[in-house]
Amino acid sequence: KAGVTQTPRYLIKTRGQQVTLSCSPISGHRSVSWYQQTPGQGLQFLFEYFSETQRNKGNFPGRFSGRQFSNSRSEMNVSTLELGDSALYLCASSPDRGTGELFFGEGSRLTVL
Amino acid sequence: GENVEQHPSTLSVQEGDSAVIKCTYSDSASNYFPWYKQELGKGPQLIIDIRSNVGEKKDQRIAVTLNKTAKHFSLHITETQPEDSAVYFCAALGRGSYIPTFGRGTSLIVHP
């Protein structure tokens, strides 16, 4: 069974631009979560999606948004990029909500110049 | 909400030694405690977990212990090997919650 696939793996943007990251969960997994990982802050929760609906949102500004499609694939978008948005963005899927067992992708490394 | 503290932030051991990473949590209602291992350039991977009705769980060289009274849980790795070098994250999931809270991670370095 294929794992969680995230694209692109690496990208470089400049301040003020926007970016869209994509996540394909493991087949059959219906819950998708997004995390931001930085050296100083560890894993910070961004959003959780289930059945195309955002179920939970972390403490991030409105510049961070996302969505989930009917096939459970998910995208997240960051608008008006800031230097501090440079991070590894991780997507995780699970068969259902609240299992606690997350299957992570390898992440999208975003660098903002 | 839940708060998870993880110590140490860095742990350096010699190959063959044991390594212990400790986490404390704040919400006494938390009932699921997973541990993730993140190798360089990869996403975290679940390596072992424990539920609140169990005090200890083992899987080959790794084990996790849980003390509900003290609200802390620990990861034990015996006979460490260089391939154990990675960042380890603990997490806690509260009863009725859907989002686990992660510790800040421990960078384990195993010297050959």
Side-chain angles (χ1 to χ4, degrees), chain A residues 1-7 9-10 21 23-26 29-51 53-60 66 68 87-109, chain B residues 1-10 21-25 27 29-54 57 59 64 66 73 86-108:
Chain A
K1 191 184 260 190
V4 177
T5 304
Q6 292 188 245
T7 57
R9 290 292 312 281
Y10 304 91
L21 309 178
C23 172
S24 293
I26 292 173
H29 285 196
R30 301 188 297 164
S31 176
V32 173
S33 300
W34 288 88
Y35 290 81
Q36 182 194 65
Q37 184 175 25
T38 57
Q41 298 298 318
L43 292 165
Q44 299 292 307
F45 169 72
L46 281 157
F47 331 95
E48 179 216 3
Y49 287 91
F50 183 83
S51 292
T53 302
Q54 185 180 96
R55 305 292 178 150
N56 282 286
K57 188 177 194 298
N59 188 25
F60 280 83
Q68 185 182 34
L88 180 67
Y89 290 89
L90 291 161
C91 169
S93 73
S94 58
D96 208 336
R97 298 189 69 206
T99 66
E101 185 177 351
L102 302 176
F103 295 81
F104 285 89
E106 296 194 327
S108 293
R109 172 77 62 185
Chain B
E2 176 67 278
N3 183 50
V4 176
E5 300 282 341
Q6 183 172 348
H7 298 280
S9 56
T10 305
I21 302 170
K22 299 181 179 181
C23 290
T24 61
Y25 59 99
D27 185 357
S30 289
N31 60 358
Y32 176 68
F33 307 91
W35 285 88
Y36 289 84
K37 174 184 180 182
Q38 185 177 26
E39 297 177 344
L40 197 61
K42 299 193 174 183
Q45 180 181 10
L46 179 70
I47 56 171
I48 195 167
D49 56 14
I50 192 167
R51 298 196 180 271
S52 58
N53 59 345
V54 176
K57 184 177 179 180
D59 183 3
V64 57
L66 172 65
F73 56 113
V87 178
Y88 292 80
F89 292 95
C90 64
L93 182 66
R95 197 187 310 271
S97 175
Y98 295 99
I99 309 301
T101 300
F102 285 87
R104 291 202 171 191
T106 296
S107 177
L108 174 63

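Because the structure is predicted, anything quoted here is derived from the model rather than measured. Within every chain, numbering begins at 1; the chains are lettered A, B, ... in the order of the sequence lines, protein sequences first and strands thereafter.
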Any non-hydrogen side-chain atom of B/N3 less than 4.5 Å from a side-chain atom of B/E5?
yes

d(B/K37 NZ, B/K42 NZ) to nearest 0.5 Å is 9.5 Å

Pick one of side chain, backbone, both or neither for A/F103, based on which atoms fall under 4.5 Å of a heavy atom in chain B.
neither

Is the closest basic N to carboxylate O distance between B/D27 and B/R95 below 4.0 Å?
no

Relative to chain B, which segment of A/R9 carries a heavy atom at a distance below 4.5 Å: side chain, backbone, both, or neither?
side chain

Which atoms of A/L88 come close to chain B, meaning under 4.5 Å heavy atom to heavy atom: side chain ones, backbone ones, both, or neither?
side chain

Under 4.5 Å from a heavy atom of chain B, the part of A/Q44 involved:
neither

Segment of B/R51 engaging chain A (4.5 angstrom heavy-atom cut-off):
side chain

So, do B/F33 and B/K57 sit near enough that their side-chain heavy atoms are less than 4.5 Å apart?
no

Cut-off 4.5 Å, heavy atoms of chain A, and the answer for B/Q6 is neither

Run the numbers on B/S30 and B/E2 for side-chain hydrogen bond (donor to acceptor under 3.5 Å, both in side chains), then give the verdict.
CA-CA 8 Å; B/S30 289; B/E2 176 67 278; 2.4 Å; yes

Please flag which part of B/Y36 lies under 4.5 Å from any non-hydrogen atom of chain A: side chain, backbone, both or neither.
side chain

From CG (A/N56) to CG (A/L46), nearest 0.5 Å:
12.0 Å

Heavy-atom cut-off 4.5 Å, strictly under: side chain, backbone, both or neither for B/P100 against chain A?
both

